Amino acid sequence: MNTQIFKYQQPFELESGKQLLELEIGFHTYGTLNKQRNNVVWVCHALTANSDVLDWWKGLFGENDYFNPEEHYIVCANILGSTYGTTSPLSVNPATGLPYYLTFPDYTIRDIVKAHQLLANHLGVDSIEVLLGGSLGGQQALEWSIMEPNRIKNLVLIATNARHSPWGIAFNESQRLALSADTTFYNNTPDGGSKGLKAARSIALISYRTYKTYGVTQQEQTDELHNYRAASYQNYQGQKLVNRFNAYSYWYLTKVMDSHNVGRNRQGVERALSTITAKTLVIGIKSDVLFPIEEQQYLFRQIPKAALAEIDSFYGHDGFLIDTENLTNIISSFLKTDVKGKIIDLQQTA
Ligand SMILES: CC(=O)SCCNC(=O)CCNC(=O)[C@H](O)C(C)(C)COP(=O)(O)OP(=O)(O)OC[C@H]1O[C@@H](n2cnc3c(N)ncnc32)[C@H](O)[C@@H]1OP(=O)(O)O
Ligand SMILES: N[C@@H](CCO)C(=O)O
């Protein structure tokens, strides 16, 4: 299915006080909005995905999956600064007639959500039955539920946090060091910084997997002193991202992740989380080293109507994209549950 484009032809004000003169948002919808307007499932995607959620979240989203276009009106929008249809550092700045590259303004998770609110208004989506996202997508979903509590009925937060951690920022900064060490990053060409991007993805991947994942999938079969499998894997994965992404979007998106702090200008994180009215399911992955389980346990304790599920995944953080059978079991039982009190501890239902 092709990406649709929503054009917002007015200045778009950012949290920083800066503005984009024009905004385009790439998005996908599947299914139809029903008469009661209560079948909207809105997906917030993570760092490098796109709006075609039926393509990258198979097993949870699809014709024969729990979230399907037959029953649901599924919406997913590409995030600000990404490369799949939404205004990004590779877009032309109307003020100069040239691509932004590193003159793209800094922005935050709140700006991404604000853009998606414009799209929701445009689509006539005034109530979201289920808002969900993992990782950076979960950060957006959490922000949205605080910015517009009345629009969100059910909230599903997977492998995410309330404020990006010093550990997470350190990983992101290490990736930006890799990007900026590649002098072609300053060439201002669409493929500038490709070698840096390859290194950055390699660094990031270590935080998305675990010691055990590598031990099982990349174990050497011989005593050779060259061509280690783990080394080949890092190169392969780095190049795979270079082939479908760009260094400038990656630079800005890592900075966006660093900015995540639901407590900013809201009298702190706990106060902000206490204002969420959606029935909320928090899912944590026990093997996640980037967004450790303590971060989801914290969300569970602070959000008023919250349930918690902790899952085992062989993959670590990226388990949120891969372990869809587990997610389906947990999310479907949560949505059937009537939350009356503060605590529903689903733990692992599957
Ligand atoms: C066109 C687009 O826009 S696609 C956008 C969709 N992307 C997203 O949604 C982003 C989120 N997705 C992801 O991060 C990933 O795709 C995940 C986490 C879902 C899955 O990761 P994968 O890379 O598929 O899994 P995994 O870590 O097991 O790696 C398997 C790949 O590594 C290759 N590989 C494994 N070991 C090695 C090795 N030692 N040396 C070289 N290559 C290796 C495999 O052949 C396989 O290659 P393939 O992807 O070409 O089939
Ligand atoms: N693997 C994810 C990032 C982890 O949240 C992505 O590339 O979007």
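We number each residue from 1, following the sequence as shown. Just so we're clear, the structure is a prediction, and the values are computed from it rather than from any experiment. For ligands, and for the atoms within them, numbers begin at 1 and follow the listed sequence.
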K.L.:
Tell me: protein heavy atom nearest atom 5 (O) of ligand 2, and distance?
P.N.:
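For atom 5 (O) of ligand 2, the nearest protein heavy atom comes out as Ser135 OG, 2.8 Å.
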K.L.:
Under 4.0 Å from a heavy atom of Ser232: give me the atoms of ligand 1 that qualify, with their elements.
P.N.:
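Listed by number with element, the hits are 38 (C), 39 (N), 40 (N), 41 (C).
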K.L.:
Specify whether the nearest protein heavy atom to atom 51 (O) of ligand 1 is under 4.0 angstrom away.
P.N.:
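Answer no: nothing from the protein, no heavy atom, is under 4.0 Å.
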K.L.:
For atom 3 (O) of ligand 1, which of Thr213, Thr48, Asn50, Leu321 has the closest heavy atom?
P.N.:
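When every heavy atom of Thr213, Thr48, Asn50, Leu321 is considered, Asn50 comes closest to atom 3 (O) of ligand 1.
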K.L.:
Ring centroid separation for Tyr315 and Phe320, is it under 6.0 angstrom?
P.N.:
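No; Phe320 has its ring centre 6.0 Å or more from that of Tyr315.
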K.L.:
Centres of the Trp251 and Phe185 rings: under 6.0 Å?
P.N.:
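Here the rings of Phe185 and Trp251 have centres that are less than 6.0 Å from each other.
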K.L.:
Has ligand 1 got any nitrogen or oxygen that is less than 3.5 angstrom from a nitrogen or oxygen of Lys240?
P.N.:
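Indeed, backbone or side chain, Lys240 has an N or O that close.
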K.L.:
For ligand 1, which atoms have a heavy atom of Arg201 less than 4.0 angstrom away?
P.N.:
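Near Arg201, meaning under 4.0 Å from one of its heavy atoms, ligand 1 has 14 (O).
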K.L.:
Looking only at heavy atoms, which two atoms of Tyr248 and Asn246 are closest? And how far apart?
P.N.:
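Between these two residues, the closest heavy atoms are N-OD1, 2.9 Å.
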K.L.:
Would you confirm whether any non-hydrogen atom of the protein falls under 4.0 Å from atom 16 (O) of ligand 1?
P.N.:
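No, because not a single protein heavy atom sits under 4.0 Å from atom 16 (O) of ligand 1.
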K.L.:
Above 12 or not: heavy atoms from other molecules or residues under 6.0 Å from CD of Gln36?
P.N.:
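Correct, the count exceeds 12.
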K.L.:
Would you call Thr87 and Glu22 a side-chain contact if the rule is heavy atoms closer than 4.5 Å?
P.N.:
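The answer is no, as the side chains (C-beta and beyond) never meet within the 4.5 Å cut-off.
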K.L.:
With a 4.0 Å heavy-atom cut-off (strictly under), which part of His317 contacts ligand 2: side chain, backbone, both or neither?
P.N.:
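For His317, only side-chain atoms sit under 4.0 Å from ligand 2.
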K.L.:
Run through Asn326, Ile311, Asp323, Ile293 and flag the one making a side chain to side chain contact (heavy atoms under 4.5 Å, CB included) with Ile285.
P.N.:
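When side chain to side chain contact (heavy atoms under 4.5 Å, CB included) is applied between Ile285 and each of Asn326, Ile311, Asp323, Ile293, only Ile311 qualifies.
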K.L.:
Please state which protein non-hydrogen atom is closest to atom 6 (C) of ligand 1 and give its distance, to 0.1 Å?
P.N.:
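Ranking protein heavy atoms by distance from atom 6 (C) of ligand 1, first comes Trp56 CB, 4.0 Å.
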K.L.:
What's the shortest distance from atom 46 (C) of ligand 1 to any protein heavy atom, and which residue and atom give it?
P.N.:
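The closest heavy atom on the protein side is Tyr236 CE2, 4.1 Å.
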K.L.:
Looking only at protein heavy atoms, which one is nearest to atom 8 (O) of ligand 2, and how far off is it?
P.N.:
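Heavy-atom neighbour on the protein nearest atom 8 (O) of ligand 2: Thr48 N, 2.9 Å.
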K.L.:
Taking NZ in Lys153 as the centre, count heavy atoms belonging to other residues, nucleotides or ligands within less than 6.0 Å. Is the count above 12?
P.N.:
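Result for NZ/Lys153: enclosed.
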K.L.:
In terms of residue, atom name and distance, what is the protein heavy atom nearest to atom 34 (N) of ligand 1?
P.N.:
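Protein heavy atom with the smallest distance to atom 34 (N) of ligand 1: Tyr233 CD1, 3.8 Å.
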K.L.:
Taking everything shown except Arg176 itself, do over 12 heavy atoms lie less than 6.0 Å from its CZ?
P.N.:
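Buried by this count: over 12 neighbours within 6.0 Å.
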K.L.:
I want to confirm something. Looking only at heavy atoms, which of Gln237, Arg244, His317 is nearest to atom 29 (O) of ligand 1?
P.N.:
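Residue with the shortest heavy-atom distance to the ligand atom: Gln237.
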K.L.:
Using a distance-only test with no angle check, is there a side-chain donor-acceptor pair under 3.5 angstrom linking Glu15 and Thr108?
P.N.:
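Glu15 vs Thr108: donor-acceptor pair found between side chains.
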K.L.:
More than 12 heavy atoms of other residues, nucleotides or ligands under 6.0 Å from OH of Tyr211: yes or no?
P.N.:
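No.
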K.L.:
With atoms numbered from 1 as shown, which atoms in ligand 2 lie under 4.0 angstrom from a non-hydrogen atom of Leu47?
P.N.:
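What qualifies from ligand 2 is 8 (O).
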K.L.:
What's the shortest distance from atom 18 (C) of ligand 1 to any protein heavy atom, and which residue and atom give it?
P.N.:
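Here the closest protein heavy atom is Asp318 OD2, 3.2 Å.
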K.L.:
For the residue pair Gln234 / Tyr228, report whether a side-chain donor-acceptor contact shorter than 3.5 Å exists.
P.N.:
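No donor-acceptor contact under 3.5 Å links the two side chains.
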K.L.:
If only side-chain N and O atoms count, and only distance matters, is there a donor-acceptor pair under 3.5 Å linking Trp144 with Gln140?
P.N.:
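Not at all, the side chains of Gln140 and Trp144 share no donor-acceptor pair under 3.5 Å.
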K.L.:
Show which atoms of ligand 1 fall inside a sub-4.0 Å distance from at least one heavy-atom site of Ala49.
P.N.:
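Selected atoms, number and element: 8 (C), 9 (O).
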K.L.:
If we only consider heavy atoms of Asp318, is any one of them less than 4.0 Å away from an atom in ligand 2?
P.N.:
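Yes, that is the case, since the closest heavy atom of the residue is under 4.0 Å from the ligand.
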K.L.:
Please report whether ligand 1 has a polar contact with Gln218, defined as an N or O pair separated by less than 3.5 Å (distance criterion only).
P.N.:
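Yes, there is a polar N/O contact under 3.5 Å.
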K.L.:
Please check if a non-hydrogen protein atom sits closer than 4.0 Å to atom 38 (C) of ligand 1.
P.N.:
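Yes; the ligand atom in question has protein heavy-atom contact below 4.0 Å.
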K.L.:
Knowing that exactly one of Leu80, Ile5, Thr86 qualifies, which makes a side chain to side chain contact (heavy atoms under 4.5 Å, CB included) with Glu24?
P.N.:
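Exactly one candidate clears the test, Ile5.
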K.L.:
Report, in ascending order of atom number, the atoms of ligand 2 lying under 4.0 Å from any heavy atom of Phe320.
P.N.:
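Those of ligand 2 that fall under 4.0 Å from Phe320 are 5 (O).
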K.L.:
Against ligand 2, does Arg201 come closer than 4.0 Å with any heavy atom?
P.N.:
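Yes; Arg201 lies near enough to ligand 2 that a heavy-atom distance drops under 4.0 Å.
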K.L.:
Under 4.0 Å from a heavy atom of Arg209: which atoms of ligand 1 are those, numbered in the order shown and with their elements?
P.N.:
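Reading through ligand 1 atom by atom, the close ones are 18 (C), 21 (O), 25 (O), 26 (P), 27 (O).
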K.L.:
Between the main-chain N or O of Gly81 and the side-chain N or O of Ser88, is there a donor-acceptor pair closer than 3.5 Å?
P.N.:
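Flag not set: sc Ser88 to bb Gly81 has no pair under 3.5 Å.
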K.L.:
Between Tyr84 and ligand 1, find which residue part has any heavy-atom pair under 4.0 Å and reply side chain, backbone, both or neither.
P.N.:
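Side chain only.
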